[in-house]
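Here is the structure we will look at, set down as structure tokens.
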Amino acid sequence: MPRGRTLDTTMTNVRIPAGWPVTEEEARAVQEELRGRVVVDEPGPPPGTGRVTGVDVAYDDKLGVVAAAAVVLDAATLAVVAEATAVGEVSFPYVPGLLAFREVPTVLAALDALDRDPGLVVCDGYGLAHPRRFGLASHLGVLTGLPTIGVAKNPFTFTYQEPGIPRGSASPLLAGTEVVGRAVRTKAGVKPVFVSVGHRVGLDNACAHTLALAPEHRLPESTRRADALCRRALKEAVDRTGAHPTGDREGTLPTVAPPPGR
DNA sequence: GCGACAG
DNA sequence: ATCTTGTCGC
């Protein structure tokens with residue numbers, strides 16, 4: 001029984017929820033219905049206090065497997081205080097604008113498996129910066145009630161003026177003339193990250209958190225830790241149950257518990 | 001109609 | 001996201 005890490009690390013298996021959208025039309029209808037529940041009039045937790053949790057997912061599309069990780073950091077020190085992972089079956093294809101339907105079930109399971117309150121949740125993707133103003137971070141926020149923000153690596157379909165070179169420079173992220181987020185330079189001279197509000201957090205606070213979480217690298221430590229953990233979890237899940245060169249190659253997804261007998 | 005498009 | 005070796009740099 002390998003024990004590599006020091007922290008309590010939970011691992012959960014996930015099935016696609018009954019009634020989960022199957023078509024793009026159904027998924028868009030769900031977004032339209034949930035978008036009204038996003039709360040945007042709260043400033044959110046002050047940066048540098050309490051806890052911040054990074055979430056991310058990794059895929060093996062060939063096997064239809066997805067792994068999610070949630071890593072809880074102490075906001076003041078950025079020390080890891082808790083982690084959890086979940087593995088499941090891919091619940092939706094990648095469609096721009098419908099990313100949440102691919103990630104939400106497994107991410108929710110990882111968050112549920114944590115042994116303490118996540119605090120602010122930082123997503124790899126967008127919140128209000130979305131075609132229907134309901135990206136992954138907002139979706140996750142509405143479903144959990146937790147404050148969330150989105151920090152994306154690409155501008156998606158939005159436009160922005162290049163921020164100044166120094167770390168901390170920023171410029172509006174625009175959908176036409178509407179401000180949907182902010183391009184934030186977390187590292188001098190390096191491509192900015194794209195921050196948007198998810199749920200129960202203001203944009204200024206979301207950007208302040210992002211900068212506080214990225215003192216050294218372009219991406220927030222929360223995202224970096226979650227990214228590394230979900231990749232590890234995916235690899236371990238595939239190594240453990242996936243296709244062996246000569247072994248049985250029955251559809252043995254990690255979600256299917258090994259039959260007791262037989 | 002065609003291409004672009006978070007991860 | 002993922003496919004992929006070595007290589008330059010702190």
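Every chain is numbered from 1 and lettered A, B, ... according to where its sequence line falls, protein lines coming before strand lines. Predicted, not measured: the structure shown is a model, and the values here were computed from it.
Under 4.0 Å is where a charged nitrogen must lie from a carboxylate oxygen, and between A:E178 and A:R133 at least one such pair does. In summary, A:R182 and A:D204 engage in a salt bridge, as defined by a charged side-chain N under 4.0 Å from a carboxylate O.
In this structure, the nucleotide among C:dT2, B:dA6, B:dG7 sitting nearest to the side chain of A:L234 is C:dT2.
Heavy atoms of A:Y59 sit under 4.0 angstrom from primed sugar atoms or phosphate atoms, though from no base atom. Across all strands, A:G150 comes closer than 4.0 Å to no nucleic acid atom at all (heavy-atom distances). Within 4.0 Å (heavy atoms only), A:D56 reaches sugar-phosphate atoms of the nucleic acid but no base atom. Residue A:A58 is classed as a sugar-phosphate contact, given heavy-atom separations below 4.0 Å to backbone atoms only. A:L98 comes within 4.0 angstrom of a nucleotide base, judged by non-hydrogen atoms across all strands.
Stacking between A:Y94 and the base of C:dA1 is absent under the criterion of ring centres within 5.5 Å and planes under 30 degrees.
Taking only side-chain nitrogens and oxygens, A:K153 never comes nearer than 4.0 Å to OP1 or OP2 of B:dA6. A sub-4.0 Å separation between OP1 or OP2 of B:dG7 and a side-chain N or O of A:N154 is present. Distances shown here put a side-chain N or O of A:R231 below 4.0 Å from the OP1 or OP2 atom of C:dA1.
Outside the 6.0 Å centre-distance limit, the rings of A:Y94 and A:Y59 are not counted as a close aromatic pair.
By the 4.5 Å heavy-atom criterion applied to side chains, A:V122 and A:V52 are counted as neighbours.
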